[in-house]
Engineer: 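Input: one structure, supplied below.
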Amino acid sequence: HGPMRLFFSLRLRIYLVLGLLIAATVGGGTFMLWYGMRIQNFFTGIFERQANGLDSAMRLESSLAAQRGFLTYYSLDFDRSWLNRLTEQQMAFERELIKARAMIEDEGTRKLLNEIEAGFLRLTVERERVVALLDQGQRGEAAGIHAAARKRFDALITQCELFLDS
């Protein structure tokens, strides 16, 4: 007699093959569901980051644009409430800068945001200088610095638009 062979009936072999086919079908379907969910989560994460970044960039530009005119209004009537409103908008811009920085993923965009922040700091110093000169009655000198501040402000708006496009 030769080596011992296991004997399976035809019925058992058919059940075994059907069982393996069902297991392969269920396993393949389960794998496809898992894989589909992973891909969906991946693309959803990318979309959410992009949407949040776009929203942050728009709020950054909007909070800067909201500062327009307050210093001019102050120079016309010396009502300190204009300066208070300007300060509130400047603080809002600074908060948006912090939020925008958290959304940045590439170095070029980070560099642009750093330039925006540096320009904003220079603008703030120029504005404070204009207020000090106006308060001292030196309107002529204040007007020159104020004109430069307006140019810097317009350049910052342009940079914010570039940031929005990045």
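Not measured: the values here are computed from a predicted model.
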Engineer: For the hydrophobic clusters of this structure (ILVMFWY residues joined by side-chain heavy atoms under 4.5 Å, transitively), does one cluster hold both L83 and L64?
Structural biologist: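 No, no single cluster joins them.
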
Engineer: Could you grab the distance from atom SG of C160 to atom CG of D165, nearest 0.5 Å is fine?
Structural biologist: 11.5 Å

Engineer: Before you tell me yes or no, could you show the steps for E141 and R129 under side chain to side chain contact (heavy atoms under 4.5 Å, CB included), namely the whole-Å CA-CA distance, both residues' side-chain angles and the distance that decides it to 0.1 Å?
Structural biologist: CA-CA 10 Å; E141 192 175 339; R129 182 76 180 126; 3.7 Å; yes

Engineer: To the nearest 0.5 Å, tell me how far Q159 CD sits from E115 CD.
Structural biologist: 5.5 Å

Engineer: Under the side-chain hydrogen bond (donor to acceptor under 3.5 Å, both in side chains) rule, collect the residues that match up with Q90, sequence neighbours excluded.
Structural biologist: none

Engineer: Would you mind writing out the side-chain donor-acceptor pairs for residues 33-47 within the sub-3.5 Å range, not counting sequence neighbours?
Structural biologist:
{"unit_1": "N41", "atom_1": "ND2", "unit_2": "M37", "atom_2": "O", "d": "3.3"}
{"unit_1": "T44", "atom_1": "OG1", "unit_2": "Q40", "atom_2": "O", "d": "2.7"}

Engineer: Could I get the full list of ring pair (Phe, Tyr, Trp, His ring centres under 6.0 Å) partners for Y15, not counting sequence neighbours?
Structural biologist: none

Engineer: If you look only at distance, which donor and acceptor atoms sit under 3.5 Å apart when one is on a side chain in residues 97-107 and the other is two or more places apart or in another chain?
Structural biologist:
{"unit_1": "R101", "atom_1": "NH1", "unit_2": "N114", "atom_2": "OD1", "d": "2.8"}
{"unit_1": "R101", "atom_1": "NH2", "unit_2": "N114", "atom_2": "OD1", "d": "3.4"}
{"unit_1": "R101", "atom_1": "NH2", "unit_2": "E117", "atom_2": "OE1", "d": "2.5"}
{"unit_1": "E105", "atom_1": "OE2", "unit_2": "R49", "atom_2": "NE", "d": "2.9"}
{"unit_1": "D106", "atom_1": "OD1", "unit_2": "T109", "atom_2": "OG1", "d": "2.8"}
{"unit_1": "D106", "atom_1": "OD2", "unit_2": "G108", "atom_2": "N", "d": "3.3"}
{"unit_1": "D106", "atom_1": "OD2", "unit_2": "T109", "atom_2": "N", "d": "3.1"}
{"unit_1": "D106", "atom_1": "OD2", "unit_2": "T109", "atom_2": "OG1", "d": "3.1"}

Engineer: So, do R11 and I14 sit near enough that their side-chain heavy atoms are less than 4.5 Å apart?
Structural biologist: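 Contact flag for R11/I14 side chains = no.
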
Engineer: Do L71 and L123 sit in one hydrophobic cluster, given that two such residues count as connected whenever their side-chain heavy atoms are within less than 4.5 Å of each other, even indirectly?
Structural biologist: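 No; tracing contacts between hydrophobic side chains, which count when under 4.5 Å, never links both residues.
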
Engineer: Who are the side-chain hydrogen bond (donor to acceptor under 3.5 Å, both in side chains) partners of R150, not counting sequence neighbours?
Structural biologist: H146

Engineer: What about F153 and V131, same hydrophobic cluster or not, with Ile/Leu/Val/Met/Phe/Trp/Tyr joined at side-chain heavy-atom distances under 4.5 Å?
Structural biologist: no

Engineer: List in chain and number order the residues that pass salt bridge (charged side-chain N to carboxylate O under 4.0 Å, His left out) with E128, two or more places apart in sequence or in another chain; answer none if no residue qualifies.
Structural biologist: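 Not a single residue meets the salt bridge (charged side-chain N to carboxylate O under 4.0 Å, His left out) criterion with E128.
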
Engineer: Which atom names give the shortest non-hydrogen contact between S63 and E96, and what distance separates them?
Structural biologist: OG-CG, 3.8 Å

Engineer: Quick one: side chain to side chain donor-acceptor pair (under 3.5 Å) pairs with a partner in residues 73-83, sequence neighbours left out?
Structural biologist: Y74-R80, Y74-D135, D77-W82, D79-S81, R80-D135

Engineer: Clusters formed by hydrophobic residues whose side-chain heavy atoms approach within less than 4.5 Å: which one holds L54, and what are its other members?
Structural biologist: M58, L164

Engineer: At their closest point, which heavy atom of E126 faces which heavy atom of I145, and how far apart are they?
Structural biologist: O-CG2, 3.8 Å

Engineer: About how many Å separate CZ of F93 and OG1 of T124, when rounded to the nearest 0.5 Å?
Structural biologist: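 Nearest 0.5 Å value for the OG1-CZ distance: 8.5 Å.
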
Engineer: Side chain of S56, backbone of N52: donor and acceptor closer than 3.5 Å?
Structural biologist: no

Engineer: Nearest 0.5 angstrom please: E94 CD to F120 CZ, how far?
Structural biologist: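 With rounding to 0.5 Å, CD (E94) is 5.0 Å from CZ (F120).
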
Engineer: Ignoring hydrogens, what is the shortest heavy-atom contact between F78 and L134? Give both atom names and the distance.
Structural biologist: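 Smallest interatomic distance, heavy atoms only, reads CE2-O, 3.6 Å.
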
Engineer: Of all residues at least two apart in sequence or in a different chain, which pass the side-chain hydrogen bond (donor to acceptor under 3.5 Å, both in side chains) check with Q67?
Structural biologist: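 If we apply the side-chain hydrogen bond (donor to acceptor under 3.5 Å, both in side chains) test to Q67, skipping adjacent residues, the hits are R127.
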
Engineer: Please list, chain by chain and in numerical order, all residues satisfying side chain to side chain contact (heavy atoms under 4.5 Å, CB included) with E88, sequence neighbours excluded.
Structural biologist: none

Engineer: How long is the span from the CD1 atom in I157 to the CD1 atom in I116, to the nearest 0.5 Å?
Structural biologist: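 Going from the CD1 atom of I157 to the CD1 atom of I116 covers 9.5 Å.
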
Engineer: Do L113 and L60 have side chains that approach each other closer than 4.5 Å (heavy atoms only, starting at C-beta)?
Structural biologist: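 In short, these two side chains touch, coming nearer than 4.5 Å.
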
Engineer: Which atom pairs, donor and acceptor, lie under 3.5 Å between side-chain atoms of residues 17-31 and protein residues at least two apart or in another chain?
Structural biologist:
{"unit_1": "T25", "atom_1": "OG1", "unit_2": "L21", "atom_2": "O", "d": "2.8"}
{"unit_1": "T30", "atom_1": "OG1", "unit_2": "V26", "atom_2": "O", "d": "2.8"}

Engineer: Using the test ring pair (Phe, Tyr, Trp, His ring centres under 6.0 Å), find all partners of F70 that sit at least two apart in sequence or belong to another chain.
Structural biologist: none

